[in-house]
Amino acid sequence: THNVVETEVLVVGAGPAGAAAAALLSTYGIANIMINKHGGVSNSPRAHITNQRCVEVFRDLGLESEVQRQATPQRLMGEHVYATSLAGPELGRLRTWYTHPHFQAEHDLASPTSVCDLPQHLLEPILVNAAAARGSSVRCHTELLGLVQDQDGVSARVRDRINGTEYEIRSKYLIGADGGNSLVAQEIGLPLVGKMGAGGSINVVFEADLTHLVEHRPGDMYWFVQPGVGHGGNGVGVLRMVRPWNKWIGVWGYDVDGPAPDLSEAEGIRIAHQLIGDDSIAVRVESMSTWAVNDVYAEDTMRGRVFCVGDAVHRHSPMNGLGSNTSIQDSYNLCWKLAMVLRGQAGPSLLETYRDERQPVAEQIVRRAKRSEGLMPPIFMALDLPPAPDPETMSRALAALQAPTLEARAKRQAFDAALQGTIMCFNTHGVETNQSYTSSAIVPDGSPEVPAPRDEEVYYYATTRPGRHLPHAWVTRDQKRVSTFDLCGKGQFTLITGVGGVAWAEAAEAVGAGFDMPIRVRTVGRGCDFEDSYGDYRRLSEVDDDGALLVRPDHIVAWRAATLPADPEGALTDVLAAILGRR
Ligand code: FDA
């Protein structure tokens with residue numbers, strides 16, 4: 001007897017990538033099963049920085065207010081203090097996560113959403129609940145053992161870990177969101193390049209009321225130059241806020257080539273006290289674990305009907321907080337495509353664009369995180385410290401920074417430059433917001449590429465050039481502010497046009513009917529559905545008011561027309577035929 005369960009999409013893994021995929025698919029009305037080998041969601045805080053592009057996905061899912069309600073807001077995230085300990089002398093500060101007034105403006109102009117700090121054990125339930133409430137079948141204690149695919153679908157062998165039963169799940173497509181040791185990536189033979197497990201860190205999750213040490217300089221991470229064997233051989237210890245200001249993670253390094261680290265409660269308390277710098281503060285250790293920095297990306301992200309998302313295809317340092325953010329955006333890229341192919345609105349070639357669009361992002365973020373990781377050692381190098389300085393050497397080196405000598409002045413300058421240089425570990429707005437695509441799901445408009453006027457890793461570049469993210473502008477309706485993002489999304493293509501757009505609306509209706517895929521039309525401008533009250537849309541749209549932007553469900557501009565062409569229906573038909581693979 002062959003025990004087979006059928007569904008449209010099987011999602012393997014219920015972390016940020018998998019739970020987002022299940023929530024998106026169910027929102028789009030696609031039947032899916034999500035399996036998770038563990039009994040529940042992440043039992044530790046893990047990833048926490050939740051960037052604007054990621055919050056935009058939650059906004060599209062209708063989950064933004066729930067996320068903001070549980071998250072620590074941006075205004076409590078930004079003071080990154082460098083010190084000898086939390087209670088000890090400060091060595092310098094950074095204003096991170098766009099809390100510097102200059103970057104605050106950049107941040108606010110780029111999106112209707114705000115970066116926030118939402119630890120993974122609080123984020124995952126929001127996504128898993130939404131998935132389950134909207135129709136996903138969520139199966140915990142269920143482990144993937146192997147898979148085979150053929151012309152028509154994928155057969156996955158799974159084991160129920162409660163009763164040991166094995167059965168088969170047959171699906172049309174499979175999403176491997178099974179994390180940094182992905183069995184799916186291995187089963188389909190994705191080529192992974194890079195190195196796993198550089199440096200060793202101990203995470204101590206603990207409760208302690210540190211309000212008096214941080215409320216006047218609120219931040220989500222505090223960095224300590226301390227003696228000892230640290231991360232990558234230098235002694236940087238970190239206190240990371242989990243909940244303000246009574247739940248924390250202490251991060252301390254250990255030598256991976258040495259003996260196994262001590263994970264006793266007493267050692268946890270000792271580490272916490274060393275980072276805090278005040279042994280009189282009561283500390284209750286909740287858990288201890290070790291982790292290592294990986295530096296790996298996949299050169300391909302899919303094979304036939306099987307796709308890998310999240311850590312399965314990119315693993316890197318937590319610097320820049322790109323882990324779960326990128327994982328969720330992988331799913332945001334993939335799921336509308338799967339929905340359209342499964343509904344018969346698009347041909348399978350649309351799915352190939354998942355690889356073309358997201359593989360370069362995987363590579364880019366892994367490289368960025370590695371470069372950021374490399375920005376910490378120069379702080380220690382500026383002090384001429386040996387790899388594992390003892391307390392005396394360390395305090396002598398720090399004291400020497402204050403000497404009124406020429407030699408000390410040079411050291412001061414090097415130290416301050418190294419410290420301020422670490423801002424690129426936390427403030428790469430462009431890396432987050434400028435991800436852009438080249439694929440058959442993007443139709444060039446023939447306009448010349450205009451180089452970004454500013455550093456694209458640091459600054460958001462607002463442009464409607466096809467392949468770029470739709471720029472955010474506030475427009476109004478019935479006197480209320482609405483973001484351009486809210487005109488789009490929800491699994492549908494949107495055509496945004498202006499005062500001269502009547503012909504576009506007719507064209508979109510005809511083309512949508514022809515492809516059996518409704519195209520939403522929104523008009524922005526005087527007397528339109530939405531008023532361009534601030535004049536921002538006019539400027540940012542880069543098209544005339546009888547031109548149009550075709551925006552994909554994931555807020556990416558698929559195509560644009562500067563003005564109304566002679567045959568808008570013909571033009572739109574050609575564009576959608578190319579994107580949907582229905583030539
Ligand atoms: P994730 O690993 O979250 O989820 C994998 C899922 O697959 C789980 O549900 C698992 O049970 C399931 N699974 C695996 N194998 C399976 C199988 N065979 N069958 C069924 N289910 C299976 N990032 C960051 O930005 N800042 C940070 O501070 C940290 N800190 C951190 C600490 C620790 C200890 C870890 C392990 C990781 C981090 N990260 C991090 C990384 C961050 O957690 C990571 O980028 C995201 O969790 C990736 O999300 P995914 O959904 O891709 O995988």
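Start at 1 and go down the list; that is how both ligands and their atoms are numbered. Predicted model only: the values in this text are computed from it and were never measured.
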Inset, instruction - Pull out every atom of ligand 1 sitting under 4.0 Å from any heavy atom of T142, numbered as shown with elements. - result: 20 (C)
Legend entry - Stepwise side chain to side chain donor-acceptor pair (under 3.5 Å) test for Y82 and T422: CA-CA 11 Å; Y82 283 80; T422 63; 2.7 Å; yes
Inset, instruction - Give the atoms of ligand 1, by number and element, whose distance to some non-hydrogen atom of S324 is under 4.0 Å. - result: 45 (O)
Inset, instruction - Output yes when a side-chain donor or acceptor of N427 lies under 3.5 Å from a complementary backbone atom of I423, and no otherwise. - result: no
Inset, instruction - Check whether any side-chain heavy atom of Q74 lies under 4.5 Å from a side-chain heavy atom of Q104, and answer yes or no. - result: yes
Inset, instruction - Under 4.0 Å, heavy atoms only, figure out whether ligand 1 is touched by the backbone of I49, its side chain, both or neither. - result: neither
Inset, instruction - Quick one: look at A177 and ligand 1, take heavy-atom pairs under 4.0 Å, and tell me if it's side chain, backbone, both or neither. - result: backbone
Legend entry - Any side-chain donor near an acceptor of the partner, E56 and S111, under 3.5 Å: yes
Legend entry - Option with minimal heavy-atom separation from atom 18 (N) of ligand 1, where the choices are L322, L144, N203: L144
Inset, instruction - Give the residue and atom name of whichever protein heavy atom lies nearest to atom 21 (N) of ligand 1, and the separation in Å to one decimal. - result: K37 N, 3.1 Å
Inset, instruction - Mind telling me whether W97 and F426 have parallel, tilted or perpendicular rings, with 30° and 60° as the class edges? - result: perpendicular
Legend entry - ligand 1 to A17 polar contact by distance, N or O atoms, under 3.5 Å: yes
Inset, instruction - Answer yes or no for N181: is there a heavy-atom contact with ligand 1 below 4.0 Å? - result: no
Inset, instruction - Number the atoms of ligand 1 from 1 as they appear, then name those within less than 4.0 Å of a heavy atom of R240, with their elements. - result: 28 (O)
Inset, instruction - Check ligand 1 against G179 and write out every atom of the ligand that is under 4.0 Å from a heavy-atom position of the residue. - result: 2 (O), 5 (C), 53 (O)
Inset, instruction - Please indicate whether K490 has more than 12 foreign heavy atoms, meaning atoms of other residues, nucleotides or ligands, lying under 6.0 Å from its NZ. - result: yes
Legend entry - Test: E166 and R157 ion pair at under 4.0 Å: yes
Inset, instruction - Check whether any N or O atom of W291, backbone or side chain, sits under 3.5 Å from an N or O atom of ligand 1, and answer yes or no. - result: no
Inset, instruction - Pull out every atom of ligand 1 sitting under 4.0 Å from any heavy atom of G310, numbered as shown with elements. - result: 52 (O)
Legend entry - Pairing of D300 and R355 as salt bridge, 4.0 angstrom limit: yes
Inset, instruction - Provide, to 0.1 Å, the distance between atom 39 (N) of ligand 1 and the closest protein heavy atom, together with that atom's residue and name. - result: A47 N, 4.2 Å
Inset, instruction - Going by heavy-atom distance to atom 47 (O) of ligand 1, choose the closest among E143, M34, Q120. - result: Q120
Inset, instruction - Starting from atom 4 (O) of ligand 1, find the nearest protein heavy-atom neighbour and note its residue, name and distance. - result: G15 CA, 3.6 Å
Legend entry - Any N or O of P16 closer than 3.5 Å to N or O of ligand 1: yes
Inset, instruction - Answer yes or no for S289: is there a heavy-atom contact with ligand 1 below 4.0 Å? - result: no
Legend entry - Nitrogen or oxygen atoms of A14 and ligand 1 under 3.5 Å apart: yes
Legend entry - Check ion pair K370-D295 (N to O, under 4.0 angstrom): yes
Legend entry - Under-4.0 Å salt bridge between E265 and R270: no
Legend entry - Over 12 non-hydrogen atoms of neighbours within 6.0 angstrom of CG in N181: no
Inset, instruction - Report yes if some N/O of R46 lies less than 3.5 Å from some N/O of ligand 1; otherwise report no. - result: yes
Inset, instruction - Identify, for atom 44 (C) of ligand 1, the protein heavy atom at the shortest distance, and state residue, atom and that distance. - result: D311 OD2, 3.2 Å
Inset, instruction - Kindly confirm or rule out an N or O of L183 lying under 3.5 angstrom from an N or O of ligand 1. - result: no
Legend entry - Salt bridge E207-R243, side-chain N to carboxylate O under 4.0 Å: no
Inset, instruction - Check each atom of ligand 1 against the heavy atoms of S327 and keep those under 4.0 Å away; list them by number with element. - result: 48 (C), 49 (O), 52 (O)
Inset, instruction - Compute the minimum heavy-atom distance from R315 to ligand 1 and say whether it is under 4.0 Å. - result: no
Legend entry - Pairing of K337 and E357 as salt bridge, 4.0 angstrom limit: yes
Legend entry - Best match, G146, S44, G323, G13: closest heavy atom to atom 12 (C) of ligand 1: G13
Legend entry - ligand 1 to N36 polar contact by distance, N or O atoms, under 3.5 Å: yes
Inset, instruction - Identify, for atom 15 (N) of ligand 1, the protein heavy atom at the shortest distance, and state residue, atom and that distance. - result: D178 CB, 3.6 Å
Inset, instruction - Decide whether T428 and N320 meet the rule of one side-chain donor and one side-chain acceptor closer than 3.5 Å. - result: yes
Inset, instruction - Assess whether atom CZ of R170 is packed by more than 12 heavy atoms of other residues, nucleotides or ligands within 6.0 Å. - result: yes
